[in-house]
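Structure first, commentary second.
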2 protein chains.
Amino acid sequence: MTMMTAKDMPRSAATARTGCPVHDLKDMLRTAGLRPTRQRVALGWLLFGKGDRHVTAERLHEEAVKARVPVSLATVYNTLHQFTTAGFLREVAVEGAKAYFDTNTGDHFHFYVEDQGQLIDINGSDITVSHLPEPPEGMEIVGMDVVLRLKPKAR
Amino acid sequence: MTMMTAKDMPRSAATARTGCPVHDLKDMLRTAGLRPTRQRVALGWLLFGKGDRHVTAERLHEEAVKARVPVSLATVYNTLHQFTTAGFLREVAVEGAKAYFDTNTGDHFHFYVEDQGQLIDINGSDITVSHLPEPPEGMEIVGMDVVLRLKPKAR
DNA sequence: TTACGTGCAAATAATTTGCAGTCCC
DNA sequence: GGGACTGCAAATTATTTGCACGTAA
(Lines give C-alpha, C1' and ligand atoms only; values in the text may rest on other atoms or scores of the structure.)
Protein backbone atom coordinates (compact mmCIF):
# COMPACT_ATOMS: atom_id res chain seq x y z
CA MET A 1 0.00 0.00 0.00
CA THR A 2 1.45 3.30 -0.96
CA MET A 3 -1.07 5.82 -2.15
CA MET A 4 -4.70 6.68 -1.82
CA THR A 5 -6.81 9.67 -2.70
CA ALA A 6 -10.31 10.78 -1.91
CA LYS A 7 -11.38 9.94 -5.42
CA ASP A 8 -10.74 6.25 -4.85
CA MET A 9 -13.15 6.07 -1.98
CA PRO A 10 -16.33 4.04 -2.18
CA ARG A 11 -19.58 5.88 -1.69
CA SER A 12 -22.17 5.08 0.90
CA ALA A 13 -24.04 1.82 0.74
CA ALA A 14 -27.41 3.39 0.04
CA THR A 15 -26.46 5.55 -2.89
CA ALA A 16 -25.36 2.53 -4.83
CA ARG A 17 -29.00 1.47 -5.23
CA THR A 18 -31.80 2.45 -7.48
CA GLY A 19 -35.56 2.04 -7.54
CA CYS A 20 -37.90 2.28 -4.60
CA PRO A 21 -35.86 3.56 -1.69
CA VAL A 22 -37.87 1.82 0.98
CA HIS A 23 -37.72 -1.46 -0.85
CA ASP A 24 -33.98 -1.08 -1.31
CA LEU A 25 -33.56 -0.29 2.34
CA LYS A 26 -35.39 -3.42 3.34
CA ASP A 27 -33.25 -5.42 0.97
CA MET A 28 -30.15 -3.87 2.45
CA LEU A 29 -31.24 -4.86 5.92
CA ARG A 30 -32.22 -8.38 4.96
CA THR A 31 -28.92 -8.87 3.19
CA ALA A 32 -27.20 -7.99 6.43
CA GLY A 33 -29.36 -10.44 8.33
CA LEU A 34 -31.30 -7.66 10.02
CA ARG A 35 -35.05 -7.69 10.15
CA PRO A 36 -36.51 -4.63 8.48
CA THR A 37 -38.39 -3.42 11.51
CA ARG A 38 -40.23 -0.14 11.61
CA GLN A 39 -37.45 1.51 13.61
CA ARG A 40 -34.58 0.27 11.49
CA VAL A 41 -36.27 1.27 8.26
CA ALA A 42 -37.07 4.69 9.67
CA LEU A 43 -33.54 5.26 10.92
CA GLY A 44 -32.13 3.97 7.65
CA TRP A 45 -34.40 6.39 5.83
CA LEU A 46 -33.16 9.30 7.90
CA LEU A 47 -29.55 8.25 7.49
CA PHE A 48 -29.40 7.31 3.83
CA GLY A 49 -32.25 9.35 2.40
CA LYS A 50 -30.38 12.58 1.90
CA GLY A 51 -26.84 11.96 0.82
CA ASP A 52 -23.80 11.64 3.02
CA ARG A 53 -24.22 12.66 6.61
CA HIS A 54 -22.52 12.65 9.95
CA VAL A 55 -24.62 12.04 13.01
CA THR A 56 -24.27 11.37 16.67
CA ALA A 57 -26.64 8.95 18.31
CA GLU A 58 -28.28 11.78 20.16
CA ARG A 59 -28.90 13.90 17.08
CA LEU A 60 -30.34 10.98 15.16
CA HIS A 61 -32.62 10.24 18.06
CA GLU A 62 -33.87 13.84 18.07
CA GLU A 63 -34.51 13.67 14.34
CA ALA A 64 -36.41 10.44 14.66
CA VAL A 65 -38.63 11.85 17.37
CA LYS A 66 -39.29 14.97 15.29
CA ALA A 67 -40.13 12.75 12.33
CA ARG A 68 -42.76 11.09 14.50
CA VAL A 69 -40.88 7.85 14.64
CA PRO A 70 -40.61 7.44 18.36
CA VAL A 71 -37.65 5.21 19.03
CA SER A 72 -35.63 4.85 22.17
CA LEU A 73 -32.11 6.17 22.45
CA ALA A 74 -30.94 2.68 23.30
CA THR A 75 -32.37 1.34 20.06
CA VAL A 76 -30.69 4.15 18.15
CA TYR A 77 -27.37 3.07 19.61
CA ASN A 78 -28.07 -0.57 18.86
CA THR A 79 -29.11 0.23 15.32
CA LEU A 80 -26.11 2.46 14.64
CA HIS A 81 -23.78 -0.30 15.76
CA GLN A 82 -25.61 -2.94 13.78
CA PHE A 83 -25.41 -0.73 10.69
CA THR A 84 -21.74 -0.17 11.34
CA THR A 85 -21.06 -3.89 11.69
CA ALA A 86 -23.02 -4.47 8.51
CA GLY A 87 -20.82 -1.96 6.72
CA PHE A 88 -23.51 0.68 6.11
CA LEU A 89 -21.87 3.18 8.42
CA ARG A 90 -18.44 4.08 9.61
CA GLU A 91 -17.60 5.32 13.06
CA VAL A 92 -15.44 8.42 13.14
CA ALA A 93 -13.40 9.25 16.21
CA VAL A 94 -12.71 12.90 16.55
CA GLU A 95 -12.49 13.86 20.16
CA GLY A 96 -14.04 13.60 23.53
CA ALA A 97 -16.67 11.07 24.28
CA LYS A 98 -18.87 11.64 21.27
CA ALA A 99 -19.07 9.03 18.57
CA TYR A 100 -19.88 10.21 15.07
CA PHE A 101 -21.32 7.90 12.45
CA ASP A 102 -20.76 8.63 8.80
CA THR A 103 -22.83 7.31 5.93
CA ASN A 104 -19.79 7.49 3.69
CA THR A 105 -18.20 4.18 4.56
CA GLY A 106 -14.87 4.45 2.79
CA ASP A 107 -11.64 5.71 4.25
CA HIS A 108 -11.84 9.43 3.78
CA PHE A 109 -11.05 12.74 5.28
CA HIS A 110 -12.74 15.31 7.47
CA PHE A 111 -12.57 18.82 8.73
CA TYR A 112 -13.54 19.06 12.35
CA VAL A 113 -14.68 22.39 13.76
CA GLU A 114 -13.47 22.14 17.32
CA ASP A 115 -15.70 24.81 18.79
CA GLN A 116 -18.90 23.48 17.30
CA GLY A 117 -18.21 19.77 17.28
CA GLN A 118 -19.09 19.78 13.60
CA LEU A 119 -17.72 17.31 11.09
CA ILE A 120 -17.36 18.28 7.45
CA ASP A 121 -16.52 15.89 4.64
CA ILE A 122 -13.58 16.68 2.45
CA ASN A 123 -14.96 15.58 -0.87
CA GLY A 124 -13.55 15.44 -4.35
CA SER A 125 -10.27 16.79 -3.12
CA ASP A 126 -6.87 15.92 -4.40
CA ILE A 127 -5.74 15.27 -0.86
CA THR A 128 -3.28 12.43 -0.96
CA VAL A 129 -1.57 10.30 1.62
CA SER A 130 1.47 8.55 0.28
CA HIS A 131 4.35 6.44 1.51
CA LEU A 132 2.26 4.72 4.13
CA PRO A 133 4.53 2.67 6.34
CA GLU A 134 4.28 -1.09 6.59
CA PRO A 135 2.20 -2.23 9.54
CA PRO A 136 3.93 -4.22 12.27
CA GLU A 137 4.33 -7.97 11.72
CA GLY A 138 1.09 -9.88 11.79
CA MET A 139 -1.04 -6.76 11.55
CA GLU A 140 -2.90 -5.25 8.71
CA ILE A 141 -4.23 -1.76 8.11
CA VAL A 142 -8.00 -1.87 8.18
CA GLY A 143 -8.75 1.82 7.98
CA MET A 144 -7.38 5.29 7.90
CA ASP A 145 -8.66 8.44 9.54
CA VAL A 146 -7.47 11.87 8.56
CA VAL A 147 -8.92 14.74 10.55
CA LEU A 148 -7.99 18.37 9.99
CA ARG A 149 -8.96 20.41 13.02
CA LEU A 150 -10.35 23.86 12.38
CA LYS A 151 -10.68 26.94 14.51
CA PRO A 152 -12.01 30.40 13.73
CA LYS A 153 -9.14 32.38 12.27
CA ALA A 154 -7.46 34.64 14.78
CA ARG A 155 -7.47 38.23 13.50
CA MET B 1 -0.44 24.71 3.08
CA THR B 2 0.22 21.84 0.76
CA MET B 3 2.64 19.31 2.15
CA MET B 4 3.90 17.98 5.41
CA THR B 5 5.91 14.96 6.44
CA ALA B 6 6.69 13.33 9.75
CA LYS B 7 10.22 14.64 9.56
CA ASP B 8 9.03 18.23 9.84
CA MET B 9 7.38 17.65 13.15
CA PRO B 10 8.57 19.33 16.31
CA ARG B 11 9.60 17.10 19.16
CA SER B 12 8.15 17.10 22.63
CA ALA B 13 8.59 20.10 24.87
CA ALA B 14 10.74 18.33 27.42
CA THR B 15 13.33 16.89 25.12
CA ALA B 16 14.27 20.34 23.95
CA ARG B 17 15.89 21.08 27.31
CA THR B 18 19.20 20.28 28.85
CA GLY B 19 20.67 20.26 32.33
CA CYS B 20 18.95 19.20 35.53
CA PRO B 21 15.68 17.60 34.49
CA VAL B 22 13.79 18.54 37.62
CA HIS B 23 14.92 22.12 37.38
CA ASP B 24 13.95 22.27 33.73
CA LEU B 25 10.57 20.82 34.55
CA LYS B 26 9.92 23.48 37.14
CA ASP B 27 10.98 26.13 34.67
CA MET B 28 8.63 24.66 32.11
CA LEU B 29 5.77 24.84 34.56
CA ARG B 30 6.52 28.36 35.70
CA THR B 31 6.79 29.52 32.12
CA ALA B 32 3.28 28.24 31.60
CA GLY B 33 2.06 30.01 34.70
CA LEU B 34 1.65 26.78 36.60
CA ARG B 35 3.02 26.38 40.08
CA PRO B 36 5.52 23.56 40.29
CA THR B 37 3.65 21.57 42.88
CA ARG B 38 4.73 18.14 43.99
CA GLN B 39 2.04 16.47 41.91
CA ARG B 40 2.70 18.41 38.74
CA VAL B 41 6.43 17.86 38.92
CA ALA B 42 5.93 14.17 39.56
CA LEU B 43 3.50 13.78 36.69
CA GLY B 44 5.76 15.82 34.44
CA TRP B 45 8.61 13.57 35.40
CA LEU B 46 6.65 10.45 34.52
CA LEU B 47 5.47 11.95 31.26
CA PHE B 48 8.61 13.59 29.95
CA GLY B 49 11.30 11.56 31.67
CA LYS B 50 11.45 8.71 29.20
CA GLY B 51 10.97 9.89 25.67
CA ASP B 52 7.73 10.12 23.75
CA ARG B 53 4.78 8.37 25.27
CA HIS B 54 1.06 7.93 24.96
CA VAL B 55 -0.96 7.70 28.10
CA THR B 56 -4.53 7.70 29.24
CA ALA B 57 -5.43 9.50 32.43
CA GLU B 58 -6.10 6.21 34.10
CA ARG B 59 -2.76 4.67 33.18
CA LEU B 60 -0.84 7.72 34.31
CA HIS B 61 -2.70 7.63 37.58
CA GLU B 62 -1.72 3.98 38.09
CA GLU B 63 1.90 4.81 37.35
CA ALA B 64 1.92 7.68 39.77
CA VAL B 65 0.49 5.54 42.52
CA LYS B 66 3.06 2.82 41.81
CA ALA B 67 5.79 5.45 41.91
CA ARG B 68 4.64 6.35 45.39
CA VAL B 69 3.32 9.70 44.30
CA PRO B 70 -0.23 9.41 45.47
CA VAL B 71 -2.29 11.79 43.42
CA SER B 72 -5.99 11.75 42.79
CA LEU B 73 -7.44 10.81 39.45
CA ALA B 74 -9.14 14.20 39.31
CA THR B 75 -5.81 15.94 39.65
CA VAL B 76 -4.35 13.76 36.92
CA TYR B 77 -7.14 14.89 34.63
CA ASN B 78 -6.66 18.51 35.63
CA THR B 79 -2.93 18.31 35.13
CA LEU B 80 -3.17 16.60 31.76
CA HIS B 81 -5.47 19.31 30.51
CA GLN B 82 -3.31 22.08 31.92
CA PHE B 83 -0.27 20.55 30.22
CA THR B 84 -2.24 20.27 27.01
CA THR B 85 -3.31 23.90 27.16
CA ALA B 86 0.27 24.88 27.89
CA GLY B 87 1.38 22.99 24.80
CA PHE B 88 3.35 20.26 26.55
CA LEU B 89 0.95 17.55 25.49
CA ARG B 90 -1.37 16.82 22.62
CA GLU B 91 -4.65 15.04 22.90
CA VAL B 92 -5.19 12.25 20.41
CA ALA B 93 -8.67 11.09 19.56
CA VAL B 94 -8.79 7.54 18.42
CA GLU B 95 -12.06 5.99 19.43
CA GLY B 96 -14.57 5.48 22.11
CA ALA B 97 -14.51 7.46 25.28
CA LYS B 98 -10.81 7.17 26.00
CA ALA B 99 -8.60 10.21 25.62
CA TYR B 100 -4.95 9.63 24.86
CA PHE B 101 -2.31 12.23 25.62
CA ASP B 102 0.89 12.29 23.62
CA THR B 103 4.13 13.90 24.70
CA ASN B 104 5.00 14.49 21.08
CA THR B 105 3.15 17.73 20.51
CA GLY B 106 3.52 18.14 16.77
CA ASP B 107 1.08 16.98 14.15
CA HIS B 108 2.07 13.43 13.48
CA PHE B 109 0.79 10.01 12.72
CA HIS B 110 -0.23 6.91 14.62
CA PHE B 111 -1.01 3.29 14.31
CA TYR B 112 -3.89 2.27 16.51
CA VAL B 113 -4.29 -1.38 17.45
CA GLU B 114 -8.04 -1.65 17.74
CA ASP B 115 -8.17 -4.79 19.83
CA GLN B 116 -5.69 -3.62 22.42
CA GLY B 117 -6.41 0.08 22.47
CA GLN B 118 -2.71 0.67 21.88
CA LEU B 119 -1.28 3.71 20.14
CA ILE B 120 2.01 3.46 18.27
CA ASP B 121 3.93 6.41 16.90
CA ILE B 122 4.83 6.39 13.26
CA ASN B 123 8.25 7.96 13.47
CA GLY B 124 10.82 8.91 10.89
CA SER B 125 8.55 7.69 8.18
CA ASP B 126 8.26 9.13 4.73
CA ILE B 127 4.52 9.28 5.13
CA THR B 128 3.30 12.37 3.38
CA VAL B 129 0.01 14.18 3.19
CA SER B 130 -0.19 16.51 0.24
CA HIS B 131 -2.71 18.70 -1.52
CA LEU B 132 -4.46 19.64 1.68
CA PRO B 133 -7.63 21.52 0.80
CA GLU B 134 -8.20 25.11 1.81
CA PRO B 135 -10.19 25.43 5.00
CA PRO B 136 -13.61 27.09 4.84
CA GLU B 137 -13.70 30.90 4.93
CA GLY B 138 -12.72 32.38 8.27
CA MET B 139 -11.27 29.09 9.55
CA GLU B 140 -7.75 27.91 9.89
CA ILE B 141 -6.28 24.46 10.23
CA VAL B 142 -4.82 24.10 13.69
CA GLY B 143 -3.90 20.46 13.62
CA MET B 144 -3.96 17.24 11.72
CA ASP B 145 -4.57 13.72 12.95
CA VAL B 146 -3.74 10.70 10.88
CA VAL B 147 -4.61 7.36 12.42
CA LEU B 148 -4.04 4.04 10.70
CA ARG B 149 -6.16 1.38 12.35
CA LEU B 150 -4.62 -2.04 12.74
CA LYS B 151 -6.04 -5.49 13.26
CA PRO B 152 -4.36 -8.86 13.55
CA LYS B 153 -3.97 -10.20 10.05
CA ALA B 154 -6.65 -12.68 9.05
CA ARG B 155 -5.06 -15.93 7.90
C1' DT C 1 -45.29 -19.59 17.06
C1' DT C 2 -40.93 -18.07 18.28
C1' DA C 3 -36.72 -16.07 17.84
C1' DC C 4 -35.40 -11.57 17.13
C1' DG C 5 -36.28 -6.55 18.47
C1' DT C 6 -37.58 -2.84 21.30
C1' DG C 7 -38.19 0.20 25.32
C1' DC C 8 -37.32 1.27 29.76
C1' DA C 9 -34.60 1.86 33.57
C1' DA C 10 -30.63 0.78 35.85
C1' DA C 11 -25.62 0.02 35.25
C1' DT C 12 -21.00 1.43 33.45
C1' DA C 13 -17.24 4.23 31.96
C1' DA C 14 -14.79 8.36 31.35
C1' DT C 15 -14.51 12.71 32.74
C1' DT C 16 -15.80 17.08 35.25
C1' DT C 17 -17.12 19.92 39.09
C1' DG C 18 -17.96 21.91 43.88
C1' DC C 19 -15.97 22.75 47.86
C1' DA C 20 -13.29 22.28 52.12
C1' DG C 21 -8.77 21.83 53.35
C1' DT C 22 -3.56 22.32 51.95
C1' DC C 23 0.56 24.31 50.13
C1' DC C 24 3.56 27.40 47.37
C1' DC C 25 5.37 32.19 46.97
C1' DG D 1 -1.37 35.14 54.46
C1' DG D 2 -3.72 34.56 50.45
C1' DG D 3 -4.71 32.86 46.29
C1' DA D 4 -3.62 28.81 43.69
C1' DC D 5 -3.84 23.69 44.07
C1' DT D 6 -5.48 19.20 45.64
C1' DG D 7 -8.51 15.44 46.99
C1' DC D 8 -12.70 13.62 47.68
C1' DA D 9 -17.19 12.67 46.50
C1' DA D 10 -20.98 13.78 43.93
C1' DA D 11 -22.51 15.23 39.30
C1' DT D 12 -22.38 14.84 34.16
C1' DT D 13 -22.13 12.84 29.77
C1' DA D 14 -22.01 9.11 26.56
C1' DT D 15 -22.96 4.61 26.10
C1' DT D 16 -24.28 -0.27 27.37
C1' DT D 17 -26.99 -3.90 29.46
C1' DG D 18 -30.82 -6.79 31.53
C1' DC D 19 -35.16 -8.03 31.08
C1' DA D 20 -40.27 -8.04 30.19
C1' DC D 21 -43.00 -7.24 26.34
C1' DG D 22 -43.94 -6.73 21.26
C1' DT D 23 -43.67 -8.15 16.43
C1' DA D 24 -41.94 -9.85 11.79
C1' DA D 25 -41.39 -14.20 9.36
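Naming: A, B, ... by sequence-line order, numbering from 1 per chain.
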Quiz item: Expressed in angstrom and rounded to an integer, what is the separation of Leu73(B) atom CG from dT15(C) atom P?
Solution: 9 Å
Practice problem: Scan side-chain atoms only and decide if Asn104(A) and His54(A) contain a donor-acceptor pair under the 3.5 Å cut-off. | Solution: no
Self-check item: Spacing of Leu60(A) atom CG relative to dA14(D) atom P, expressed in whole Å
Solution: 15 Å
Exercise. Give a yes or no on whether Glu140(B) atom CD has more than 12 heavy-atom contacts from other residues, nucleotides or ligands under 6.0 Å away.
Key: yes
Practice problem: For His81(B), report the nucleic acid contact type (base, sugar-phosphate, nothing); a contact means any heavy atom under 4.0 Å. | Solution: sugar-phosphate
Quiz item: Phosphate oxygens OP1/OP2 of dA14(D): is one of them under 4.0 Å from a side-chain N or O of Thr56(A)?
Solution: no
Quiz item: Hey, which of His110(B), Arg53(B), Arg90(B) is the one that makes side chain to side chain donor-acceptor pair (under 3.5 Å) with Asp102(B)?
Solution: His110(B)
Quiz prompt | Closest to side chain of Arg35(B), choosing from dG3(D), dT15(C), dG7(C) | solution = dG3(D)
Quiz item: Considering only dG5(C), dC5(D), dT17(D), which nucleotide approaches the side chain of Asn78(A) most closely?
Solution: dT17(D)
Quiz item: For the pair made of CG in Leu34(A) and P in dA3(C), what is the distance, rounded to whole Å?
Solution: 19 Å
Quiz item: Hey, which of these two, Glu91(B) or Arg30(B), hits DNA chain C nearer its 5' end, going by closest nucleotide?
Solution: Glu91(B)
Self-check item: Selected nucleotide, minimal atom distance to Ala57(A) side chain, candidates dG7(C), dT15(D), dC4(C)
Solution: dT15(D)
Self-check item: Lys/Arg-Asp/Glu bridge criterion (N-O < 4.0 Å) met for Arg149(A), Glu91(B)
Solution: no
Quiz item: Separation of Leu29(A) atom CG from dA25(D) atom C1', in whole Å?
Solution: 15 Å
Quiz item: Starting at CZ of Arg59(B) and ending at P of dA13(C), how long is that distance when rounded to a whole Å?
Solution: 16 Å
Quiz prompt | Contact nearer the 5' end of DNA chain D, comparing Ala74(B) with Pro36(A) | solution = Ala74(B)
Quiz item: Between dC5(D) atom P and Gln82(B) atom CD, what is the distance in whole Å?
Solution: 7 Å
Self-check item: Nearest-Å distance for atom pair NE2/P, residues His61(A) and dA14(D)
Solution: 14 Å
Quiz prompt | Side chain of Thr75(A) - closest among dT15(C), dG7(C), dG5(C) | solution = dG7(C)
Quiz item: Just to confirm, is there a sub-4.0 Å distance from OP1 or OP2 of dT6(C) to any side-chain nitrogen or oxygen of Arg40(A)?
Solution: yes
Quiz item: Between dT16(D) and Tyr77(A), is there an OP1 or OP2 to side-chain N/O distance shorter than 4.0 Å?
Solution: no
Quiz item: Of the candidate nucleotides dG7(D), dG7(C), dA25(D), which contains the atom at the shortest distance from the side chain of Gln39(B)?
Solution: dG7(D)
Self-check item: Length of the NZ-P vector between Lys98(A) and dT15(D), whole Å
Solution: 9 Å
Quiz item: Counting only N and O atoms by type, is there a donor-acceptor contact under 3.5 Å from the side chain of Arg30(A) to the main-chain atoms of Pro36(A)?
Solution: no
Practice problem: Give the nucleotide from the list dC24(C), dA14(C), dG5(C) with an atom nearest to the side chain of Glu58(B). | Solution: dA14(C)
